[in-house]
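Data block below; observations after.
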Amino acid sequence: MDGSCHKENCQGVEHYCEHPSHSPIYICDCREARIAHKGHSTVMIDLDYPIECLSKIQESFSVKQKEFVEKEKSIEALLESIRDSSKKLQGMIQKCENVRQGLMNPETRLEVFKKYFNSFERRELSRNAKRILSPCLASPFYCQSPKEGKLLFLLDENSFKNGRISPEMLRFLKNKDSFTELNLSNGRIGYEEAKIIGDALIYSKLTTLNLGGSQIGPGGAKAIAGALPHCQLTSLNLTCNQIFDEGARALASALPQCELSSLNLSKNKIGADGVKVVADGLCESQITFLDFSGNYVDSSLVSGFGDYNRINSLEGAKAIANFIACSSLTTLNLGHCDMQEKGVVIVANALSNSRLTKLTLGNYQRGFLNCAGPEVAIAIANALPQSQLIILNLEQTEIGDQGLKAIADALSQSQLTELYLECNRIGDEGAKAIANALPHSKLTTLRFSRKWEVGLFQSSSQPNSNRIGNEGATAIANALPQSQLTVLGLGCNQVGDEVAKAIANALPQSQLNHLELETSKSSFGSSFGSGLFGAPQQPLSSSSVPDSGENRITDEGAKAIADALPQSQLTFLNLRGSSISHETQNIIKGAKPGISLIL
């Protein structure tokens, strides 16, 4: 109140008066003050609330400052390893340049090649070089903050102390603004570190955790499983960790109580017993995405070290069929699983009662004859009209022409938009069947060859490769204008200029934007070696293409496609390994600016 007023009847409530007859002044609420300022407009001011409000704001700033101090400590603890890794990378950049110079020098070329590459197979060559040249870096630590975006840190020994997570890292994990994604894939962190991460999960805001290839084993899987019901994880990747049936049991028991919607358990040597317990857990879980590829559905573990025996029981396949029908799964990958044909058929029969929209059933049989075949495709075809499938991957299932005909007959009644058919012993009859179905289907993607990736080749010399010739491929080409196809993969088959011309005629009226007609690496393996050391790689002539049932597109077919490019919707064209001259390659490059080409 007005400090100059000491009257007993003053209530002590302060008013602020801005009347032009005097300077702005605070007045009290006594009688004399009211008479003196009669008729003036005054404002009552109670200071208690403004002071209280200001104190709360100041306190919130102090809390935020403490959070930032803790973040700073945590980040500073990691910066040293980042700087150290940067120095290592700079040294390796220079080492790569030295290797390059060694390859270019005829006197050192052979020695350098043997030391760093020692292979003519591109994937193996790249793997050898990376293994030798890559520096030893700390595991990647990805941090996702909604306000700051995605940042990259590197975990070092300061983050883990005495088998427990460091106080600085723990405080950072507890922070409500800390990261939500953690990627430690291929870090080989092992069992002890997995326990540390399990302890920290219950405090963190993590929603995504990737421990793929981290060698956590069954014990590490148990540690992570123990934290699942108490954390916020929605996505967990444990691929390639050798968790075996023991680890699978621990995870399965936690699934009904956790928030996971995405789970990757691929390549973990899980056998039939593990499949059954996982199936039970899935039926009561929120999982919509499951990658179970590369496990042993129809095999049993006979030792604690990952040795398996083939069993005749179909219990594993039956368990999978059960969770397909009762779970919330929309995406399931069973590729490269050791399943008998009867087992795959059991799984296929469950599709009509499932919510699956994406399914992969491709099989490599580890040491056994590939048991999949036409019966699998027939079972899938029977289920398609009642299923919700939109993406179906049947690579390596050997369905043959008979199986593809069954699927083709069901396409018009299905929701399928993508169909993958690499290595299925499909010939002209199967291709013609799918061609007849295309105008009545919803297919936008059709692949008879593996999706193109740099350094990855498919060989048509594989015993189960597709063998689509000019007749079948021409039928597909003629159906393009009436279809919805935007992606077509016909690489590594037996097509020639006749097919290239048919596709060229169809391009202006089709919706195709992605076309692959490459041949396998065996067609240009001899040129690969000469191009390796910087010598110009010569185009193949028609006579140089081996008679191994591969695509034989020459200048004639390639020029026809080039002529059609300006009127087409193509944005990607792969003719790698074809017998095309440099002149024709230049014509293709100039036909449509901006198109992605692999020649």
Side-chain angles (χ1 to χ4, degrees), residues 78-142 150-157 183-190 210 212-215 239-240 267 450-459 461 491 518-540 544 572 574-578 580 582 585-586 589 596-599:
L78 301 173
L79 281 176
E80 184 176 350
S81 67
I82 294 176
R83 298 187 187 103
D84 180 63
S85 295
S86 180
K87 291 180 182 178
K88 289 181 180 178
L89 287 170
Q90 183 58 44
M92 298 315 297
I93 290 172
Q94 183 57 51
K95 189 172 183 179
C96 288
E97 184 59 32
N98 294 341
V99 172
R100 183 194 303 276
Q101 295 299 324
L103 287 174
M104 300 303 293
N105 186 340
E107 296 180 359
T108 59
R109 178 177 298 158
L110 183 59
E111 178 185 356
V112 171
F113 177 74
K114 286 183 176 180
K115 179 178 179 180
Y116 292 99
F117 302 97
N118 201 31
S119 174
F120 285 94
E121 202 282 320
R122 286 204 170 188
R123 192 167 6 171
E124 183 67 23
L125 180 148
S126 176
R127 186 161 42 237
N128 291 345
K130 286 181 180 179
R131 183 174 60 250
I132 297 174
L133 289 172
S134 295
C136 181
L137 299 178
S139 301
F141 178 93
Y142 291 100
K150 185 170 288 186
L151 304 175
L152 169 63
F153 299 103
L154 299 174
L155 286 177
D156 66 357
E157 63 275 9
N183 185 338
L184 291 171
S185 58
N186 301 315
R188 299 184 179 183
I189 62 174
N210 186 347
S214 295
Q215 300 182 355
T239 184
C240 300
K267 302 175 184 177
R450 183 175 300 175
K451 181 179 179 181
W452 170 260
E453 296 178 28
V454 176
L456 181 62
F457 300 94
Q458 174 190 343
S459 174
S461 61
E518 79 281 1
T519 191
S520 72
K521 72 169 186 176
S522 59
S523 294
F524 49 93
S526 59
S527 297
F528 175 69
S530 61
L532 179 65
F533 302 115
Q537 184 172 334
Q538 299 299 320
L540 294 170
S544 67
F572 179 91
N574 184 357
L575 293 173
R576 181 156 189 151
S578 299
I580 303 174
H582 289 304
Q585 290 183 23
N586 290 332
K589 291 174 183 177
S596 296
L597 296 172
I598 300 178
L599 301 174

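Side chains are part of it too, since the values below use all heavy atoms of this structure and drop only hydrogens, waters and symmetry mates. The residues of the chain are indexed from 1 along the displayed sequence.
- Contact record, Ser214 with Ser185: OG-CA, 4.3 Å, taken as the closest heavy-atom pair.
- Note that OG1 of Thr519 and CG of Asn574 are 10.5 Å apart. Values are rounded to the nearest 0.5 Å.
- Glu107 pairs by the side-chain contact (heavy atoms from CB on, under 4.5 Å) definition with Asn105, not counting sequence neighbours.
- Inter-residue side-chain proximity for Ile580 and Leu575 is flagged as met; some heavy-atom pair is nearer than 4.5 Å.
- Applying the side-chain contact (heavy atoms from CB on, under 4.5 Å) test to Leu597 and every residue at least two apart in sequence or in another chain returns Leu573, Ile588, Lys589, Ile595, Leu599.
- Interatomic distance, OG of Ser578 versus CD of Gln585, reported as 9.5 Å (0.5 Å rounding).
- Taken to the nearest 0.5 Å, the OG1 atom of Thr108 stands 10.5 Å off from the CG atom of Asn98.
- For the pair Arg109 and Met104, the tightest heavy-atom approach, listed with the atom from each and the gap, is NH2-O, 3.5 Å.
- Note that CD of Glu97 is 6.5 Å distant from CD of Gln94, once rounded to the nearest 0.5 Å.
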